[in-house]
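As structure tokens, the structure follows; a few thoughts come after it.
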Amino acid sequence: MKFMKLGTRPDTFYTELATRTVESDTPANLVLQLNNITYLLHKVPLLPKCGLLQQLCSGSDEKENSLVEISDIPGGEDAFELCAKYCYGITINLSANNFLPALCAAKFLRMTESVEKGNFILKLETFFSSCILGGWKDSITTLQATSKLPELSEDLGIVRRCIDSIVEKILTPPTKVLWSYTYTRPGYNKNNRLPVPRDWWTEDISDLEIDLFRCIIIAIRATNLLPPQLIGEALHVYASQWLPDTRSIMSMESFMSEPPETKERNRRILKSIVSMLHPERGSVSFGFLLRLLSIGNFLGVSSATKTELLRRSCQQLEEASVDDLIFPKYSSSEECQYNIELVLAVVESYCMLWRRQFVGKDEDNQPLSSIRKIARVVDLYLQVISKDVNLQVSKVVAIAGALPHIARPQHDELYRAINTYLKVHPDLEKAGKKWLCRILDCQKLSPEVRAHAVKNDRLPLRTVVQVLFFDQEKGPRDSNPMEILAKRKQNMARGDHQPPEADGIANKVVPPESSGGNNKDHLKKIRALAPELEKKLAIGDAVGAGVVPKGKEAMATNTSIERSRSEGRSIRKRDCK
């Protein structure tokens, strides 16, 4: 930071009983009342340089005591004292920290060239042009100070000139940027001058108020000289500094206790950041967009801002990773710990956009590969959130069902998510298990996963029967279906819900396999038969356990079971034909 030193006399201002005065052999003859402070000063050094004081004391003699009241001087008492000390010849040090209030006070006191040649305003303007505007941090510090004196700063042209200076330095090619611009950045080592990164300027301008920051970004965009991704990085840095982090519990708890003024300021910042997003897709990352949407929901911003963020997020959903989708939900401990609604809204918006634009495209087209990539990320996301004991089955079904059927060429990852959910929720009712497994297409399971599923006692019997028949249709296996079902009944009778292979296959990454050669008619019959088989097997279990009395009921049950077996043989014979 550069300084300008004026004056040679020592500082002789002192305070006594809320009165400021100057040590002098000459008695004070100018009493100046400034807000709550009284200054006992002298006309001889002040009036020749201050046009305002000349006007206010024009009707009095030079030696006569005069009382002047000033209540609205810009910059306050500190700025006035800089001007007064300059008039007395007392040493003052000017820098970017106190330049602006000193200039505004000097303008107020009319310390111009018309009053005296080489006056204070001329020296301040020379310092501003030659030193402050030539420095990077000095320009930012001065621009930051304009927020306290906005109207005068605009009238004096300080804001415009500072912004022009900052933008000019930002547009300088990195190879020509001097490290003196960034010597205050963390990690800077004077002895190790590394090449200047392209985003060297983003952290420094993030200290500015949002209106000043917005002026700089708009000026940069108007030149079309920087890539949109670099401008997006500046927005990301600014948001990280000023907006609450929805991934941090501590910051959310502290945010809840913040005053309404702070919350309103954050809403204004978020709205401004959204308005500065470059229209080019990919100018910011999907993770950043989703974070802004999460913050917007938490702050309660306008629907227009949330709609714009949702639109841009679904356009870049293909870039998402599982970590991008993990957002905590701040609510009671009895609710799910993940913000499921946020992810569901983005996925549903994407699917609506996809259906409008790409329905009917060939499977080799990019739109189809994109939605399948998204489906895999969603299934991996389901595997993560399924470990939450408070997650409702309806949420899993909603997210999994939001994607169209064509989005998943194989259901291995979806099966793993369902298996994880059933493992973490052993008390899930039978109706809930059926509802959950209804989203699973047994035709799209790989042989390894089907082998695990047919022995998985967590799955409802209806799903196991479908997997079992389809597994047999694919080709002969060593295991007997009836033996597997009998073993399943034994396991359930013992209360053992752990499959023999544990979860080795379920946790193993299995490569996708095409489900070609589908016999849709046969599978349709199997699915139609599955509820009946489940009912018959349940009746058989009840008879074996002594729940259903023997006699007529037992005869009816045996007849029903025999009829179902005949129906099954008839179906298989017709299929063979």
Side-chain angles (χ1 to χ4, degrees), residues 274 277 279-294 296-297 303-327 329 336 338-386 391-418 420-421 435-445 512 514-515:
V274 173
L277 291 173
E280 180 177 321
R281 177 179 173 180
S283 59
V284 293
S285 66
F286 168 80
F288 177 58
L289 290 171
L290 197 61
R291 182 196 160 195
L292 292 181
L293 181 58
S294 173
N297 291 335
S303 58
T305 301
K306 288 191 287 188
T307 300
E308 174 63 14
L309 286 171
L310 187 61
R311 182 187 69 83
R312 296 184 67 110
S313 297
C314 73
Q315 286 180 345
Q316 296 183 217
L317 183 58
E318 183 185 355
E319 308 168 12
S321 65
V322 177
D323 291 338
D324 292 333
L325 303 178
I326 301 297
F327 280 89
K329 182 178 182 179
C336 176
Y338 299 104
N339 193 341
I340 309 295
E341 291 77 11
L342 177 68
V343 178
L344 181 59
V346 176
V347 173
E348 288 179 341
S349 297
Y350 173 83
C351 291
M352 290 176 60
L353 179 66
W354 183 85
R355 289 188 179 95
R356 286 198 301 266
Q357 296 180 354
F358 304 123
V359 166
K361 300 289 184 180
D362 297 332
E363 293 194 5
D364 293 335
N365 282 4
Q366 181 66 25
L368 190 56
S369 63
S370 299
I371 199 171
R372 288 182 172 178
K373 182 179 179 180
I374 292 171
R376 177 171 175 79
V377 174
V378 169
D379 291 347
L380 295 175
Y381 170 73
L382 287 173
Q383 294 177 28
V384 174
I385 65 173
S386 292
L391 178 63
Q392 298 179 357
V393 67
S394 59
K395 301 293 185 182
V396 180
V397 174
I399 295 179
L403 292 164
H405 181 75
I406 199 173
R408 294 184 177 93
Q410 58 91 18
H411 277 213
D412 286 4
E413 298 298 344
L414 183 59
Y415 171 81
R416 294 184 180 98
I418 293 174
T420 301
Y421 186 87
W435 188 19
L436 178 64
C437 292
R438 225 175 255 130
I439 62 178
L440 190 67
D441 189 344
C442 300
Q443 296 184 83
K444 297 184 177 182
L445 296 178
S514 174
S515 60

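In this structure the side chain of Ile406 reaches within 4.5 angstrom of the side chain of Arg372, judged on heavy atoms. In this structure, the side chains of Ile340 and Leu391 come closer than 4.5 Å at one or more pairs of heavy atoms. Contact of the His405 side chain with the Asp441 side chain is registered, since non-hydrogen atoms from C-beta on lie closer than 4.5 Å. The closest side-chain heavy-atom distance from Val396 to Trp435 is not below 4.5 Å.
The two residues Asp412 and Lys444 have their closest heavy-atom pair at OD1-O, 3.9 Å. Residues Phe286 and Leu325 share a closest heavy-atom pair of CE2-CD2, 3.9 Å. Between Thr305 and Val274 the shortest heavy-atom distance is CG2-CG2, 3.8 Å. Closest approach of Val384 to Ile326, counting heavy atoms only: CG1-CD1, 3.9 Å. Minimum heavy-atom separation, Leu382 to Ala400: CD1-CB, 3.8 Å. Residues Cys351 and Pro404 share a closest heavy-atom pair of SG-CD, 3.9 Å.
Heavy atoms of other residues, nucleotides or ligands lying less than 6.0 angstrom from CD of Glu280 number more than 12.
To the nearest 0.5 Å, atom OH of residue Tyr338 and atom CD1 of residue Ile385 are 8.0 Å apart. Note that CG of Leu310 and OG of Ser349 are 3.5 Å apart. Values are rounded to the nearest 0.5 Å. Here the CD-CG distance, from Gln316 to Leu289, works out to 5.0 Å after rounding to the nearest 0.5 Å. Note: Asn339 CG to Leu290 CG = 8.5 Å, rounded to the nearest 0.5 Å. Taken from OH in Tyr350 to CD in Gln315, the straight-line distance is 11.0 Å, to the nearest 0.5 Å. Taking OG of Ser313 as the reference point, atom CZ of Arg291 lies at 13.0 Å (rounded to 0.5 Å).
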Steps toward side chain to side chain contact (heavy atoms under 4.5 Å, CB included) verdict (Leu317, Val377): CA-CA 10 Å; Leu317 183 58; Val377 174; over 6 Å; no
Run Thr420 and Gln383 through side-chain hydrogen bond (donor to acceptor under 3.5 Å, both in side chains) and show every step you take. CA-CA 7 Å; Thr420 301; Gln383 294 177 28; 5.7 Å; no
Go through the steps for Ser294 and Asn297 under the test side-chain hydrogen bond (donor to acceptor under 3.5 Å, both in side chains), then give the verdict. CA-CA 5 Å; Ser294 173; Asn297 291 335; over 6 Å; no
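For Ser285, the side chain to side chain contact (heavy atoms under 4.5 Å, CB included) test picks out Phe288, with sequence neighbours left out.
Not a single donor-acceptor pair under 3.5 Å links the side chain of Gln392 to the backbone N or O of Ser394.
Applying the salt bridge (Lys or Arg N to Asp or Glu O under 4.0 Å) test to every pair with at least one member in residues 391-411, sequence neighbours left out, gives these pairs: Glu341-Lys395, Asp379-Arg408.
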